[in-house]
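Data block below; observations after.
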Amino acid sequence: QVQLVESGGGAVQAGESLTLSCAASGTSVYNRYCMGWFRQAPGKERERVAGIYTADSSTFYRDSVKGRFTISRDKNKNTLYLQMSNLKPEDTAMYYCASRLAYGCREVDPVMYTHWGQGTQVTVSS
């Protein structure tokens, strides 16, 4: 059973940086996973901001975060990261990591992801 635990959220000022971590357990090195970072602001739908495919480390980003967010993973630590820079108030949300077994990582619909972390809050003030 895959388990995901996020950490690293907090309150920052606009323009500052923050790095989120997601420790994964129960995954198999023989499987191909799409790992994603999602966010959900109050009253809004959950949206994927970034994804990484474990088989080839290809990455995918939502347009609004391109150039500001970087998704990466440490295979040895089985940990997923989201480095966020030049944060904006509109980045304020609960951030979740999620995973799904897949061939490829273009899927952005949260319904298609099978395992989720508990979330970590990011608040950006102007």
Side-chain angles (χ1 to χ4, degrees):
Q1 180 74 359
V2 175
Q3 291 188 318
L4 304 171
V5 180
E6 303 99 334
S7 61
V12 297
Q13 298 285 323
E16 293 184 341
S17 301
L18 207 57
T19 297
L20 307 181
S21 300
C22 173
S25 61
T27 58
S28 169
V29 297
Y30 301 106
N31 287 336
R32 299 167 179 247
Y33 295 92
C34 174
M35 307 292 295
W37 283 101
F38 288 76
R39 67 186 180 189
Q40 188 167 21
K44 294 190 176 181
E45 294 185 350
R46 191 170 295 191
E47 61 186 22
R48 194 181 82 167
V49 295
I52 186 167
Y53 187 44
T54 62
D56 61 9
S57 296
S58 54
T59 57
F60 305 85
Y61 296 94
R62 187 175 189 83
D63 285 347
S64 61
V65 307
K66 283 181 181 177
R68 300 189 299 120
F69 289 13
T70 301
I71 188 171
S72 62
R73 61 186 282 260
D74 184 324
K75 288 186 286 187
N76 292 330
K77 295 182 179 179
N78 212 8
T79 299
L80 183 71
Y81 300 98
L82 184 68
Q83 295 175 280
M84 305 182 292
S85 62
N86 191 21
L87 282 161
K88 304 176 180 181
E90 52 263 41
D91 294 318
T92 295
M94 184 72 79
Y95 282 71
Y96 301 88
C97 68
S99 71
R100 64 188 294 259
L101 280 170
Y103 288 98
C105 200
R106 296 188 180 275
E107 181 61 66
V108 299
D109 188 344
V111 172
M112 300 303 291
Y113 286 74
T114 54
H115 296 89
W116 292 84
Q118 81 287 354
T120 186
Q121 178 69 37
V122 173
T123 303
V124 185
S125 56
S126 57

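This structure is a prediction, so every number in the text was calculated from the model and none was measured. For this chain, numbers begin at 1 and follow the sequence in order.
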Could you tell me whether Phe38 and Trp116 have their ring centroids closer than 6.0 angstrom?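 Ring centroids of Phe38 and Trp116 are less than 6.0 Å from each other.
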
Closest contact, heavy atoms only, [X] versus [Y]:
{"X": "Thr120", "Y": "Glu6", "answer": "CG2-CB, 4.0 Å"}
{"X": "Ser126", "Y": "Ala14", "answer": "CA-CB, 4.2 Å"}
{"X": "Ala23", "Y": "Thr79", "answer": "CA-OG1, 4.2 Å"}

Cation over ring, Arg100 on Tyr113, under 6.0 Å and within 45°?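 Relative to the ring axis of Tyr113, which defines the angle, Arg100 lies inside both limits.
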
Note: Asp91-Lys88 ion pair, threshold 4.0 Å (strictly below):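 Answer for the salt bridge query: no.
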
Side chain to side chain donor-acceptor pair (under 3.5 Å) partners for [X], two or more places apart:
{"X": "Asp109", "value": "none"}
{"X": "Tyr81", "value": "none"}
{"X": "Glu90", "value": "none"}
{"X": "Ser72", "value": "none"}

Working to the nearest 0.5 Å, report the span between CD1 of Ile52 and OH of Tyr33.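 Ile52 CD1 to Tyr33 OH: 15.0 Å, rounded to 0.5 Å.
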
Measure the spacing between CD of Glu45 and CD of Gln40 and express it to the nearest 0.5 Å.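 That separation rounds to 8.5 Å.
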
Only counting residues at least two apart or in another chain, list the ones meeting salt bridge (Lys or Arg N to Asp or Glu O under 4.0 Å) with Asp56.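 Per chain and number, Asp56 pairs via salt bridge (Lys or Arg N to Asp or Glu O under 4.0 Å) with no residue.
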
side-chain hydrogen bond (donor to acceptor under 3.5 Å, both in side chains): pairs with one or both residues in residues 13-25, sequence neighbours excluded: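 Checked against side-chain hydrogen bond (donor to acceptor under 3.5 Å, both in side chains) - neighbours excluded - the pairs reaching residues 13-25 are Gln13-Ser125.
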
As a test of understanding, state which of Glu47, Arg62, Arg48 forms a side chain to side chain contact (heavy atoms under 4.5 Å, CB included) with Val108.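 When side chain to side chain contact (heavy atoms under 4.5 Å, CB included) is applied between Val108 and each of Glu47, Arg62, Arg48, only Arg48 qualifies.
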
Group every Ile, Leu, Val, Met, Phe, Trp and Tyr by side-chain heavy-atom contacts under 4.5 Å, then state whether Val2 and Tyr95 land in the same group.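 Yes, Val2 connects to Tyr95 through the hydrophobic network.
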
